Amino acid sequence: MEKKKEEKKDEKKEVCLLGRPGNTLKMGIVGLPNVGKSTMFNLLSKAQVPAKNVMFCTIDPNQAKVEVPDKRWEHLVELYKPKRKFPAALTIVDIAGLVKGASKNQGMGNEFLSNIQSVDGIYEVIRAFDDEDIQHFEGDVDPIRDLEIIRDELMAKDLQTIDRSLEDLEKVIKRTNDKEMKLKKEMLEKVKQMYDEKKNIRDNSDWNYKEIEWLNEYLFFTAKPIVYCINIPDEDYVRKKNHYLKKIVDWIKNNGGGKIIAFSCSFEERLGQMSPEEQQKYCEENKTESNLGKIITAGYQALDLIHYFTCGPDEVKCWTVRKGSKAPKAAGIIHTDFERGFISAEVMKYDDLNKLGSEAEVKKAGLQRNEGKNYVVCDGDIIYFKFNVSDPGKKKKDKAK
């Protein structure tokens with residue numbers, strides 16, 4: 001019994017630190033000015049937002065939905081030849097450049113920080129290239145200094161929130177002696193101590209269920225998952241060497257870790273100007289490839305997002321849910337009636353369909369399963385939902401594909 005309780009608590013912890021419905025989660029692109037943020041946004045979204053060699057070229061945050069690459073979805077589209085097709089998507093936001101002193105309203109200051117607070121995860125873009133034609137806000141290129149500026153500014157802003165909250169809690173505790181408020185105060189003091197040691201909230205695995213609920217109320221910056229995107233020169237990307245990379249990797253490992261992806265804005269821009277045939281030939285000759293798909297997928301996974309498929313002649317569609325979602329909640333992404341009137345889920349595994357070639361063969365092999373309310377949806381499931389909703393005077397049964 002104790003083991004089951006612990007498993008349930010751990011599942012809740014994993015889901016809770018992000019706090020929003022799966023289909024609204026966003027990754028924000030964060031970094032100092034002139035590190036390649038807006039260029040990366042343009043490359044990922046195929047948009048044309050300003051990306052110039054001037055400070056604070058981005059002021060208002062730009063937002064776009066980008067396709068999450070998935071060869072399984074591409075194969076299902078080929079197999080079913082549907083009238084409509086919908087890939088999985090991730091929302092990305094290009095945020096103005098952060099500078100030293102942003103927590104004290106330097107640069108874009110509080111506006112910038114509020115834009116970061118509105119996203120659920122962070123792509124942190126770090127400049128690891130020298131170019132005299134592209135000015136650096138701090139005067140020279142130093143990736144470790146830049147990493148520390150971003151970390152320190154986010155923590156400083158969180159500390160302002162913590163100090164105000166501690167003052168408010170002290171007043172409540174003096175007035176009511178409330179036990180729960182005392183525990184909340186202890187939690188905030190624990191965060192403050194972590195920040196004194198330059199540790200992130202997301203790196204602590206010891207938060208209990210109640211503490212995570214409280215952390216979600218504050219939307220602290222260092223609770224957000226992070227993907228580090230290291231922008232290196234074109235030639236370094238092709239030859240897979242860069243003199244800044246080892247120091248960057250070592251710093252990240254020593255400061256909580258995180259997914260690290262090296263990419264090159266200049267390489268991706270040049271590749272984007274080629275025809276598909278030229279791209280393939282160039283990448284084969286140089287034994288390289290675009291990393292944009294990896295960046296999108298890493299952000300999707302950092303937010304604990306997965307998707308299942310609904311397939312048929314009318315449409316093949318990816319439905320994004322949080323990892324660990326049970327069948328009724330996943331059905332509710334399609335329509336609230338599906339969750340409210342959930343009966344069961346007919347589930348096929350993509351690998352079984354891929355191997356056997358058709359739904360009929362999967363069913364013939366006994367590999368389509370009928371799952372109930374406690375079934376946890378897996379990434380790549382192909383699902384048909386059965387539901388029953390009651391209208392005044394009659395019942396309606398339907399099967400959703």
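We number each residue from 1, following the sequence as shown. Since we're looking at a predicted model, the values are computed, not measured.
The cationic atom of K317 (NZ for Lys, CZ for Arg) lies less than 6.0 Å from the six-membered ring centre of W319 and within 45° of the ring axis. The cationic atom of K190 (NZ for Lys, CZ for Arg) lies less than 6.0 Å from the six-membered ring centre of W207 and within 45° of the ring axis.
For E197 and Q193, the side-chain atoms include at least one donor-acceptor pair closer than 3.5 Å. When only modelled atom types and interatomic distance are considered, Q273 and E269 share no side-chain donor-acceptor pair under 3.5 Å. Side-chain N/O atoms of H307 and D381 include no donor and acceptor closer than 3.5 Å. Remark: the Y244 side chain and the D130 side chain contain an N/O donor-acceptor pair separated by less than 3.5 Å. No donor-acceptor contact under 3.5 angstrom links the side chains of S344 and Y375, judged on distance only. A donor-acceptor pair shorter than 3.5 Å cannot be found between the side chains of D351 and N354.
A salt bridge does not link D314 to R84: none of the charged side-chain nitrogens sits closer than 4.0 Å to a carboxylate oxygen. For E153 and K100, the salt-bridge test fails: no basic side-chain N is under 4.0 Å from an acidic carboxylate O. Using a cut-off of 4.0 Å between Lys/Arg side-chain N and Asp/Glu carboxylate O, K323 and D379 are scored as not salt-bridged. Comment: D178 does not engage K182 in a salt bridge, judged by the lack of any side-chain N to carboxylate O separation of less than 4.0 angstrom. The pair E217-K184 counts as a salt bridge, with a side-chain nitrogen and a carboxylate oxygen less than 4.0 angstrom apart. E124 and K37 are not joined by a salt bridge, as no carboxylate oxygen comes within less than 4.0 angstrom of a charged side-chain nitrogen. Salt-bridge formation is detected for the pair D152/K198: a Lys NZ or Arg NE/NH1/NH2 atom is positioned less than 4.0 Å from an Asp or Glu carboxylate oxygen. Between R164 and E167, no side-chain nitrogen of the basic residue sits less than 4.0 Å from a carboxylate oxygen of the acidic one, so the salt-bridge criterion is not met. Salt-bridge annotation for E315 and K85: absent, with no side-chain N of the basic residue lying under 4.0 Å from a carboxylate O of the acidic one.
Between D163 and Q160, every side-chain heavy-atom pair lies at or beyond the 4.5 Å cut-off. Contact of the I126 side chain with the V35 side chain is not registered, since no non-hydrogen atoms from C-beta on lie closer than 4.5 Å. Using a 4.5 Å heavy-atom threshold, the side chains of V316 and F86 count as separate. The closest side-chain heavy-atom distance from N231 to R127 is not below 4.5 Å.
Taking the six-membered ring where the residue is Trp, Y228 and W251 present perpendicular rings, their angle passing 60° and hence far from 30°. F267 and Y282 have tilted rings, their planes meeting at an angle from 30° to 60° on a 0 to 90° scale. Between Y350 and F309, the angle of the ring planes lies from 30° to 60°, which puts this pair in the tilted group.
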*Would you please test Y308 and T320 for side-chain hydrogen bond (donor to acceptor under 3.5 Å, both in side chains) and show each step?*
CA-CA 7 Å; Y308 66 88; T320 296; over 6 Å; no
_Trace of the salt bridge (Lys or Arg N to Asp or Glu O under 4.0 Å) decision for R340 with D337_ = CA-CA 5 Å; R340 183 166 58 91; D337 281 352; 2.7 Å; yes
*What do the steps show when you test E268 against S290 for side-chain hydrogen bond (donor to acceptor under 3.5 Å, both in side chains), and what is the final call?*
CA-CA 7 Å; E268 299 291 352; S290 169; 2.8 Å; yes
*Assess whether salt bridge (Lys or Arg N to Asp or Glu O under 4.0 Å) is satisfied between D70 and R72, documenting all intermediate values.*
CA-CA 5 Å; D70 189 338; R72 300 169 303 179; 2.8 Å; yes
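The distance from atom CD of E67 to atom CG of L292, rounded to the nearest 0.5 Å, is 12.5 Å. The distance from atom CZ of R151 to atom CD1 of I252, rounded to the nearest 0.5 Å, is 12.0 Å. Interatomic distance, SG of C265 versus CZ of F129, reported as 7.5 Å (0.5 Å rounding). To the nearest 0.5 angstrom, L154 atom CG is 6.0 Å from L98 atom CG.
Within 6.0 Å of atom NZ in K199, 12 or fewer heavy atoms from other residues, nucleotides or ligands are found, so the atom counts as exposed in its surroundings.
You'll find the ring centres of F385 and F387 outside the 6.0 Å limit.
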